[in-house]
Participant: 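Supplied in structure tokens, the structure appears directly below.
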Amino acid sequence: MTYKALDIQKIRSDFPILQREVNGQALVYFDNAATSQTPQQVIGVIVDYYSQYNANIHRGVHSLSQEATDAYEQARKKVQQHFNAAKLHEIILTSGTTHSINIIASGYSEILKAGDELVVSTMEHHSNIVPWQMLCEKTGAVLKVIPMTQQGTLDMKTFDSLLNANTKLVFVNHVSNALGTVNPIEKIITKAHTVGAKVLIDGAQAAPHIKANVQALDIDYYVTSAHKLCGPTGVGMLYGKEELLKLLPPYQGGGEMIAEVTFEKTTYADLPHKFEAGTPNIAGGIAFGAALDYMNAIGFDAIAAYEQELLDHGTAELKAIEGVEIYGEADEKTAVISFNVKGIHPYDIGSILDKMGIAVRTGHHCAQPIMDYYQIPGTVRASFSFYNTKEEIDQMIVALKRSIAMLQ
Ligand SMILES: *Cc1c(COP(=O)(O)O)cnc(C)c1O
């Protein structure tokens with residue numbers, strides 16, 4: 001791999017929030033798996049939109065509307081290029097991962113029949129479980145579950161045995177938000193395709209670390225949220241192969257998604273607009289494009305290599321503390337460390353770390369089946385980004401030792 005080493009101090013100066021204090025301490029932000037921070041380059045794009053060319057898109061003849069439409073469609077193009085989609089209209093801009101998954105789940109309610117089978121992994125975020133359970137209730141389809149292992153990986157042998165001619169869809173996250181495990185999506189896709197099943201990959205957690213190439217991986221549907229990769233909240237994307245998206249009915253009715261409306265019969269717009277009813281998050285979409293530009297300028301190879309160093313350092317330091325148990329030790333992981341300290345509730349650790357300016361997440365991380373598997377109520381999760389440093393990890397370790405001393 002060739003890449004430039006990251007200039008972390010310069011990168012950190014791009015993020016205004018990293019300058020602030022929390023509870024009288026410099027902020028150490030380790031909740032990147034829940035949402036990432038936003039650089040000035042992206043904030044500036046949002047401010048520029050509202051101060052220079054705020055207007056509704058796709059409909060206006062006036063200049064502002066055309067400028068806004070051009071910028072929004074330019075962002076769609078950036079998303080297409082980033083994920084290497086074959087066609088621009090295979091990129092649907094949505095309000096985020098959850099919205100994207102619901103578009104697909106809702107569409108399949110008109111396609112599936114009783115007895116069809118869907119396969120989901122134990123390791124999913126609730127947003128990649130619940131829509132499918134609702135779909136099964138509606139259609140009589142059956143949800144099968146890929147089990148996980150103690151190491152925090154998917155049980156691929158059992159996955160093989162779940163696939164058969166009735167399997168219609170498989171859903172797996174590219175990276176687990178609770179454990180950081182990078183799942184073998186290439187194998188999963190190849191195997192699912194041998195029985196004719198389509199695969200939806202939840203890329204919400206992978207997107208800030210790994211650039212997925214949807215054509216090379218032969219991905220059927222890929223979904224993600226901008227706010228996990230330095231973009232704003234409330235915007236994300238759904239990639240789908242053209243022939244698959246064409247088969248699905250619209251998700252919502254309204255403006256923008258129609259070709260013609262009469263009371264006798266309404267016809268729907270072509271892709272991507274069929275799935276984009278109503279005024280979208282225009283500033284958000286444009287900023288999503290800017291966030292991809294920002295991260296690509298730094299480079300995903302450099303980001304991955306640096307985050308691996310942070311992960312290795314954090315893992316080694318945590319393991320050296322007595323009573324710490326780490327959940328999820330797959331060979332291939334992103335920089336997420338989920339852990340507990342024997343005899344202490346994760347919430348108590350999170351609260352004390354916050355008093356020392358350190359933001360970690362505690363709880364089930366919207367992935368209760370994983371917590372059930374390990375028979376724990378939740379974990380403390382420290383998730384790192386390329387703007388974090390080893391020094392910040394060392395600060396967390398000191399703070400953690402102090403909280404353990406206070407709580408034991
Ligand atoms: C964050 C996340 C989601 C949910 O994303 P939203 O932006 O809340 O819709 C889904 N799956 C994974 C793996 C995530 O990390």
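Residue indices begin at 1 and follow the sequence shown. Given the structure is predicted, the values throughout are model-derived calculations rather than measurements. Atoms within a ligand are numbered from 1 in the order they appear, just like the ligands themselves. As a basis for the values below, the full set of heavy atoms in this structure was taken, side chains included, without hydrogen atoms, waters or symmetry mates.
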Participant: Does the distance from a Lys or Arg side-chain N to an Asp or Glu carboxylate O, for Lys246 and Glu242, drop under 4.0 Å?
Facilitator: yes
Participant: Tell me the contacting part of Asp202 for ligand 1: side chain, backbone, both, or neither, using a 4.0 Å heavy-atom threshold, strictly below.
Facilitator: side chain
Participant: Pull out every atom of ligand 1 sitting under 4.0 Å from any heavy atom of Ser225, numbered as shown with elements.
Facilitator: 5 (O), 6 (P), 7 (O), 9 (O)
Participant: Heavy atoms, side chains only, cut-off 4.5 Å: are Thr38 and Tyr294 in contact?
Facilitator: no
Participant: Is the shortest heavy-atom distance from the side chain of Phe15 to the side chain of Gln40 under 4.5 Å?
Facilitator: no
Participant: Need the ligand 1 atom indices (1-based, order shown) with element for anything under 4.0 Å from a heavy-atom of Ala204.
Facilitator: 2 (C), 3 (C), 10 (C), 11 (N), 12 (C), 14 (C), 15 (O)
Participant: Under 3.5 Å, is there a donor-acceptor pair linking the side chains of Asn32 and Asn388?
Facilitator: yes
Participant: Hey, is Lys228 touching ligand 1 through its side chain, its backbone, both or neither, going by heavy atoms under 4.0 Å?
Facilitator: side chain
Participant: Do any N/O atoms on His227 end up under 3.5 angstrom from N/O atoms on ligand 1?
Facilitator: yes
Participant: Verify the ring-centre separation between Tyr268 and His273: is it less than 6.0 angstrom?
Facilitator: no
Participant: For ligand 1, which atoms sit closer than 4.0 Å to a heavy atom of Thr97?
Facilitator: 5 (O), 9 (O), 10 (C)
Participant: Going by the closest heavy atom to atom 10 (C) of ligand 1, which one wins out of Ala206, Ser176, Ser383, Ser127?
Facilitator: Ser127
Participant: Backbone or side chain, does any N or O of Thr98 fall under 3.5 Å from an N or O of ligand 1?
Facilitator: yes
Participant: Relative to the ring of Tyr374, is the ring of Tyr327 parallel (under 30°), tilted (30 to 60°) or perpendicular (over 60°)?
Facilitator: tilted
